[in-house]
Amino acid sequence: MSTFRFQALKEALGRDIVSVNETEKRSVLFGENVFNQATMLQYLTKDAYTSVMDAIENGSKIDRSIADQISSSMKDWALSKGVTHYTHWFQPLTGATAEKHDAFFETIGNGQAIEKFGGGQLVQQEPDASSFPNGGIRNTFEARGYTAWDPTSPAFIYGTTLCIPTVFVAYTGEALDYKTPLLRALQAVDAAATAVAKYFDKNVKKVNASLGWEQEYFLIDSALANSRPDIVMTGRTLLGHSPAKGQQLDDHYFGSIPTRALDYMRDLETECMLLGIPVKTRHNEVAPNQFELAPIYEETNLAVDHNSLLMDVMEKVGARHKFKVLLHEKPFAGVNGSGKHNNWSLGTNTGVNLLSPGKTPMSNLQFLTFFVNTIKAINEYEELMRAGIASASNDHRLGANEAPPAIMSVFIGEQLTAVLKELEGVTDGKLSPQEKTDLKLNVVGKIPEILLDNTDRNRTSPFAFTGNKFEFRAVGSKANCANPMTILNTIVAKQLEDFKKAVDHLIDTKELKKDEAIFNVLREYIKDSKNILFEGNGYGKEWEKEAKQRGLSNNKTTPEALKAKVSKKTLELFEEMGVMNKIESEARYEIEVEEYVMRIQIEGRVLGDVARNHVIPTAIRYQNMLISNVSGLKELYGKDFKNLAAEQMLIIEEISEHIGKINTKVNEMTEARKKANKLTDLEKKASNYCNKVKPLFDEIRYSCDKLELLIDDELWPLTKYRELLFTR
Ligand code: ADP
Ligand code: MG
């Protein structure tokens with residue numbers, strides 16, 4: 001904690017912070033560095049406060065004179081906390097967060113200066129944006145982009161900088177960041193879900209999508225991590241033999257947290273508290289030195305900002321504890337990789353979780369409505385959902401040696417499967433009074449009890465219903481959640497719109513009652529969505545076969561998976577829902593394909609370098625040691641030396657074999673890269689990197705890892721898995 005904050009905290013508490021116990025401290029610390037509602041009430045005039053709240057709740061515009069008041073109050077608040085700079089904080093498509101700091105300081109002539117932060121500076125900025133990825137948008141259209149204040153995510157102090165969450169868009173209006181399409185998707189799902197929720201409660205005015213992410217990560221001693229060029233350059237190990245002990249004993253998961261890691265977590269959590277990130281859970285994960293952190297869920301836009309911020313905070317706090325935090329999805333072969341489960345639900349302004357069964361049959365019908373519509377949406381857009389989590393690093397999890405698979409499916413548990421089966425049998429058209437009573441008492445009325453003892457926890461499903469929310473488990477640990485959340489909320493919005501039209505149509509044309517119409521539409525949806533429901537083992541080979549028969553996609557690599565982002569169906573979906581126009585969708589696609597190419601290219605270069613400049617020379621040195629040993633034996637023992645040197649000679653030969661393989665394969669890989677680089681068609685280039693360059697990684701690695709086992713430990717130039725994974 002910086003000294004000024006420490007001081008401020010001490011003053012606020014009126015006592016020494018060291019003596020404060022952990023739980024008490026949390027609630028006091030929470031939101032300390034956030035310009036949140038409580039702070040706004042204290043610092044803003046009534047008009048300004050009302051205006052911000054109206055912008056947050058109803059998306060209304062904040063007028064310029066009010067913006068001046070707000071910025072001035074924000075500045076006063078920030079200065080009172082020792083802040084010197086401000087920045088528009090945004091999430092460009094690089095995956096990291098971006099900030100450019102400006103001082104509040106301004107000269108006013110006569111050698112005098114003041115601290116200034118005007119409404120204009122709060123509301124809009126023009127960062128030098130030419131070096132952010134834009135997928136050709138800014139080349140074809142306008143060269144400039146600007147950032148604009150997003151009042152729905154509160155400003156916060158990070159270090160000595162006031163950060164204003166913003167969107168980042170081109171002057172022509174196209175989104176250049178993650179946040180803009182997400183906000184549009186959240187608006188779409190709000191409108192569509194509110195309209196449907198009104199069937200059940202006229203008082204519903206707004207529906208918020210909620211997100212609770214669970215962040216997995218590895219903590220590696222930074223000196224050890226920094227000794228590995230592959231970790232430094234790519235965030236993962238490109239070679240390294242599995243240690244004698246991996247995760248097979250399951251002795252790490254939920255075990256007692258190692259002291260050094262716990263110290264890190266405490267510090268991290270304190271920082272999160274100050275920033276208003278409501279972290280709650282921490283525990284060991286399955287692999288050695290792997291951990292997880294999860295917050296209380298929040299409105300999706302805020303939760304996404306908080307996760308992006310968290311990833312940055314994790315790294316900074318890690319540096320203080322001499323840890324390198326690995327957020328890569330697969331830093332080590334042979335042990336589990338990391339994911340980021342996205343728990344998702346929809347909640348009304350009246351406080352109802354629409355994916356949680358209620359106390360009455362009507363509220364349960366509401367639950368079923370949102371439940372079945374979500375399943376239908378995933379069924380319709382399973383390939384797009386897969387595309388939303390595609391990245392070079394996540395390919396190591398999805399469809400590779402570990403789960404979840406690259407096939408999208410939905411797990412709902414045995415009991416809800418039975419409920420859907422009942423609903424499938426509902427009469428076409430008008431329902432008899434007997435059938436209505438039966439549905440009310442025996443199907444819909446029984447749902448809460450069913451869920452109470454629904455302990456099914458299929459961990460192999462990429463998209464699982466877990467009692468009062470869906471859990472999208474295939475998201476990568478270093479991904480920006482905005483990408484999958486934009487897709488999920490858009491497809492659900494579209495689905496709910498279609499649902500409302502279908503129900504209204506039945507009410508109007510067939511003179512059905514509202515609940516009859518709903519039952520009728522749900523019945524058809526359940527029939528239509530059967531393919532996506534899967535309760536079995538998602539990791540099994542049988543599922544791959546069955547999924548194929550069902551017509552589900554199984555796009556194992558990123559270049560293949562990403563194509564769904566620019567299919568006719570997707571382009572139309574985003575256009576229709578007002579989330580992204582064709583230009584924006586295509587630009588994003590291009591950026592992601594390009595990023596894939598660059599990642600594999602960098603990995604190829606690093607691997608080539610490590611194999612040829614570290615591994616081969618070491619192998620030769622050790623081989624020379626063996627050779628002089630053999631010649632020494634020959635000198636000493638004459639022709640009898642062979643009995644004594646036989647094994648050494650075998651090792652000498654084995655080393656030569658591996659050196660030969662490595663050298664040939666590295667040459668092949670370099671040639672394959674050269675060939676790929678010459679391709680002007682981006683898709684072809686990506687496919688070449690994926691199918692021609694990347695497979696050579698495994699072959700090169702195989703021989704390097706074999707050499708690791710043969711060569712004198714003292715000579716081996718790379719820190720081994722054993723040291724990386726088991727140093728505490
Ligand atoms: P578990 O999945 O282990 O049973 P929880 O039910 O407590 O644990 O939830 C796990 C994650 O799901 C937490 O990050 C939590 O914030 C999130 N979560 C819980 N309810 C919701 C909800 N309604 N919407 C979004 N996320 C939620
Ligand atoms: Mg979970």
Side-chain angles (χ1 to χ4, degrees), residues 1-6 8-9 22 25-26 28-36 78 81-83 85-92 94-101 153-166 178-179 211-220 222 225 235 257 260-283 290-298 301-328 338 340 476-482:
M1 195 182 310
S2 69
T3 358
F4 91 83
R5 263 190 284 151
F6 195 81
L9 197 67
E22 212 189 341
K25 204 166 80 186
R26 304 248 143 153
V28 177
L29 291 179
F30 189 71
E32 175 79 19
N33 286 346
V34 183
F35 200 65
N36 55 19
K81 288 175 162 289
V83 168
H85 287 66
Y86 64 89
T87 184
H88 273 198
W89 181 84
F90 59 102
Q91 296 162 58
T94 51
T97 52
E99 33 190 286
K100 175 189 149 234
H101 298 184
S153 182
F156 57 90
I157 294 171
Y158 192 27
T160 51
T161 305
L162 172 69
C163 298
I164 322 283
T166 56
Y178 281 110
K179 191 192 263 276
L211 165 64
W213 39 262
E214 301 167 57
Q215 179 73 54
E216 293 182 340
Y217 61 99
F218 280 85
L219 278 184
I220 306 298
S222 55
I257 301 174
R260 192 175 160 203
L262 191 59
D263 284 345
Y264 164 80
M265 289 176 184
R266 282 224 175 94
D267 198 359
L268 174 63
E269 285 166 12
T270 304
E271 292 291 340
C272 287
M273 285 296 117
L274 290 167
L275 290 164
I277 307 173
V279 294
K280 194 167 164 63
T281 319
R282 61 183 178 208
H283 61 79
Q290 190 188 28
F291 305 94
E292 184 185 291
L293 171 108
I296 297 167
Y297 66 92
E298 299 176 283
N301 176 41
L302 189 57
V304 167
D305 279 1
H306 278 164
N307 182 251
S308 299
L309 180 58
L310 172 93
M311 292 195 279
D312 197 60
V313 179
M314 286 177 89
E315 207 180 303
K316 292 208 165 84
V317 176
R320 289 211 284 264
H321 293 256
K322 305 274 188 290
F323 273 131
K324 189 164 178 74
V325 181
L326 301 185
L327 293 172
H328 192 286
S338 302
K340 178 152 54 197
S477 48
K478 76 184 172 88
N480 186 313
C481 303

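Remember, predicted model here, so these are calculated numbers, not experimental data. Below, each value reflects all heavy atoms present in this structure, side chains not excepted, and no hydrogens, waters or symmetry copies. Position 1 is the first residue of the sequence; numbering continues from there.
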Heavy-atom side-chain proximity of Leu293 to Met265 below 4.5 angstrom: no

Using 0.5 Å steps for rounding, measure from the OG atom of Ser338 to the NZ atom of Lys478. 12.0 Å

Do you know the tightest heavy-atom contact between Glu214 and Ala294? CG-CB, 3.9 Å

Would you indicate whether the side-chain heavy atoms of Val304 and Asn480 approach each other to under 4.5 Å? yes

Test item: Lys340 and Met311 side chains (from C-beta on) under 4.5 Å apart, heavy atoms: yes

Ser477 to Leu327 - nearest heavy-atom pair and separation: OG-O, 2.5 Å

Looking only at heavy atoms, which two atoms of Asn307 and Ala479 are closest? And how far apart? OD1-O, 4.1 Å

Got Glu271 and Ile277 here, is their nearest side-chain heavy-atom distance under 4.5 Å? no

pair Phe30-Pro278: side-chain heavy atoms closer than 4.5 Å: yes

Going from OH on Tyr217 to CG on Leu310, what distance comes out if it is rounded to the nearest 0.5 angstrom? 9.0 Å

Between Tyr158 and Trp89, is the ring centroid distance below 6.0 Å? no

Pair Glu292-Thr281, side chain to side chain contact (heavy atoms under 4.5 Å, CB included): steps then yes or no: CA-CA 8 Å; Glu292 184 185 291; Thr281 319; 5.7 Å; no

Answer yes or no: is there a donor N or O on one side and an acceptor on the other, between the side chain of Thr87 and the main chain of Cys163, under 3.5 Å? no

For Met273 and Val279: C-alpha separation, side-chain torsions, deciding distance, then whether side chain to side chain contact (heavy atoms under 4.5 Å, CB included) applies. CA-CA 7 Å; Met273 285 296 117; Val279 294; 3.9 Å; yes

Shortest non-hydrogen separation from Leu275 to Leu309 and the atoms involved: CD1-CD2, 4.0 Å

Does Leu302 reach the side chain of Pro154, with side-chain heavy atoms less than 4.5 Å apart? yes

Closest non-hydrogen contact found for Gly276 with Val34 is N-CG2, 3.7 Å

Surrounding CD of Glu99 (heavy atoms of other residues, nucleotides or ligands, distance under 6.0 Å), is the total greater than 12? yes

Of all the heavy-atom pairs spanning Ala155 and Pro165, show the shortest one and how long it is. CA-CD, 3.8 Å

Nearest 0.5 Å please: distance from the CD1 atom of Ile257 over to the CZ atom of Arg282. 5.5 Å

What's the spacing between Glu269 CD and Leu274 CG if we round to 0.5 Å? 12.0 Å

Salt bridge (charged side-chain N to carboxylate O under 4.0 Å, His left out) filter on Asp312, not counting sequence neighbours, yields Lys316

If you measure from CH2 on Trp213 to OG on Ser308, what distance do you get to the nearest 0.5 Å? 9.5 Å

Do Asn33 and Phe156 come within less than 4.5 Å of each other through their side chains, counting heavy atoms only? no

Does some side-chain heavy atom of Met314 sit less than 4.5 Å from a side-chain heavy atom of Tyr264? yes

Roughly how far, to the nearest 0.5 Å, is the NE2 atom of His85 from the OG1 atom of Thr160? 7.0 Å

Determine yes or no for a side-chain-to-main-chain donor-acceptor pair under 3.5 angstrom, with Arg260 supplying the side chain and His321 the backbone. yes

Mind running side chain to side chain contact (heavy atoms under 4.5 Å, CB included) on Ile157 and Glu32 for me, showing each step along the way? CA-CA 9 Å; Ile157 294 171; Glu32 175 79 19; over 6 Å; no

